[in-house]
Amino acid sequence: VYSTIVLTTSLIPVGLFVLIRVVLYDIRAFRIGRGTPEQEDARVEASEQAMWACLLLSYLVLPTVSMTQFRGLNCVDFESGHAYLRVDTSVWCDPEGSEDFQRVLWIDVPCIAVAQMFPILFAVLLWQRRHRLNPGFRSETASRRKRERDDRLATFSFLFNDYKCSRWGFDVFEIERRIVMVGLIQ
């Protein structure tokens, strides 16, 4: 049943997040230890690398995961008067009469809601750093130079580097637009 595909596609990135967290942060932080300023700096660097990897992974897999999730809501009507799931025509699209379709809905809808939290997370992370992202110089070149020198923005650079400093949040809008388009096309 398609609900298994939706669940698997949605959980694989979660497993990868956990793996990234364990490999890039937990193991390194344990090896680094605590106490000295150098150790604390190394722990912060390990945390930023893990955060960057998780954000980049979510940025890369979100369109595919969303497309798989939205396909679980796409039914097609046949001449018989019944509607079936387009990707799995063994599933009858009747919430009262089909346990398989109920299962797809109970898995798919929460997975879609969770996937929508990533663009919101990106927006919050960028909003918290908005004054660093757009230093406010009259010259775009000067603003970019200051932004590029800020080490605290390196983790999120893939979300704003392609845009003017004053348009730092446009990629989040673009991600959400793509998700909506995928949902409408499916």
Side-chain angles (χ1 to χ4, degrees), residues 6 9-29 32 37-74 108-186:
V6 169
T9 305
S10 301
L11 289 180
I12 286 175
V14 173
L16 290 173
F17 291 141
V18 170
L19 183 66
I20 287 169
R21 165 69 192 218
V22 168
V23 170
L24 286 180
Y25 180 70
D26 293 339
I27 293 173
R28 287 179 63 197
I32 292 168
E38 293 83 18
Q39 289 173 321
E40 292 304 318
D41 288 345
R43 290 173 71 88
V44 167
E45 182 180 336
S47 174
E48 287 176 355
Q49 287 175 352
M51 171 74 94
W52 177 83
C54 286
L55 289 172
L56 185 61
L57 175 67
S58 63
Y59 181 81
L60 294 174
V61 302
L62 189 60
T64 305
V65 170
S66 296
M67 186 171 57
T68 303
Q69 293 168 342
F70 282 120
R71 282 183 180 159
L73 301 177
N74 189 1
D108 205 9
V109 173
C111 286
I112 290 171
V114 168
Q116 293 305 303
M117 286 196 263
F118 285 102
I120 294 168
L121 172 67
F122 293 155
V124 168
L125 291 171
L126 291 177
W127 179 258
Q128 291 172 339
R129 293 155 180 82
R130 67 188 178 278
H131 299 297
R132 293 176 187 275
L133 292 168
N134 185 13
F137 297 128
R138 289 186 183 185
S139 165
E140 176 68 20
T141 306
S143 292
R144 275 190 176 273
R145 203 173 299 129
K146 178 160 172 94
R147 185 170 78 177
E148 288 169 1
R149 290 184 187 146
D150 193 339
D151 292 336
R152 291 174 276 188
L153 295 176
T155 304
F156 313 101
S157 62
F158 66 93
L159 288 171
F160 59 79
N161 264 351
D162 294 334
Y163 302 101
K164 290 182 176 181
C165 291
S166 60
R167 307 290 186 256
W168 52 264
F170 191 74
D171 208 29
V172 174
F173 169 77
E174 189 63 24
I175 292 167
E176 197 59 45
R177 184 191 67 78
R178 284 187 282 158
I179 291 171
V180 168
M181 292 304 291
V182 165
L184 292 175
I185 290 171
Q186 295 303 317

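As the structure is a prediction and not an experimental result, all values here were calculated from the model. We number each residue from 1, following the sequence as shown.
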Margin query: For a side chain to side chain contact (heavy atoms under 4.5 Å, CB included) check, start with the C-alpha distance between L184 and F70, then their side-chain angles and the critical distance, and finish with the verdict.
Written below: CA-CA 9 Å; L184 292 175; F70 282 120; over 6 Å; no

Item checked: All side chain to side chain contact (heavy atoms under 4.5 Å, CB included) counterparts of R144, not counting sequence neighbours ->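 Partners of R144 by the side chain to side chain contact (heavy atoms under 4.5 Å, CB included) criterion, ordered by chain and then number, come out as E140, R147, E148, C165.
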
Which atom names give the shortest non-hydrogen contact between [X] and [Y], and what distance separates them?
X    : Y    : answer
N134 : S166 : ND2-CA, 3.5 Å
A53  : I20  : CB-CG2, 3.7 Å
F122 : S58  : CZ-OG, 3.2 Å
W168 : F160 : O-CB, 3.7 Å
F17  : C54  : CE2-O, 3.2 Å
I32  : Q39  : O-NE2, 3.0 Å

Sidechain-backbone polar pair: [X] side chain, [Y] backbone, donor-acceptor under 3.5 Å:
X    : Y    : value
S143 : F137 : yes
S66  : P63  : no
S157 : L153 : no

Next item on the list: Step through the shown structure and confirm whether more than 12 heavy atoms of other residues, nucleotides or ligands are within 6.0 Å of CZ on R130.
Entry: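 Yes, because the 6.0 Å sphere around CZ of R130 holds more than 12 heavy atoms from other groups.
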
Check: Hey, do the aromatic rings of F173 and F170 have their centres closer than 6.0 Å?
Finding: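 Ring-ring flag for F173/F170: true, centres closer than 6.0 Å.
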
Note to self: Show, in sequence, the C-alpha distance, side-chain angles and deciding distance for T155 and L125, and conclude whether the side chain to side chain contact (heavy atoms under 4.5 Å, CB included) test is met.
What the structure shows: CA-CA 10 Å; T155 304; L125 291 171; over 6 Å; no

Notebook entry, point to check: Does I12 reach the side chain of V65, with side-chain heavy atoms less than 4.5 Å apart?
Noted result: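 Heavy-atom side-chain distance check fails, nothing below 4.5 Å.
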
Item checked: Intermediate values then yes/no, side chain to side chain contact (heavy atoms under 4.5 Å, CB included), D162 and D171 -> CA-CA 9 Å; D162 294 334; D171 208 29; over 6 Å; no

Next item on the list: Just say parallel, tilted or perpendicular for the rings of W52 and F158, cut-offs at 30° and 60°.
Entry: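 Correct class here is perpendicular.
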
Next item on the list: Tell me, with the steps shown, if R21 and D26 meet side chain to side chain contact (heavy atoms under 4.5 Å, CB included).
Entry: CA-CA 6 Å; R21 165 69 192 218; D26 293 339; 3.1 Å; yes

Note to self: What's the separation between atom CZ in R145 and atom OG1 in T141, rounded to the nearest 0.5 Å?
What the structure shows: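 If we round to the nearest 0.5 Å, R145:CZ and T141:OG1 are 6.5 Å apart.
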
Notebook entry, point to check: Got a sec, which residues hit side chain to side chain donor-acceptor pair (under 3.5 Å) with R132, two or more places apart in sequence or on another chain?
Noted result: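 Checked R132 against side chain to side chain donor-acceptor pair (under 3.5 Å); matches are D150.
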
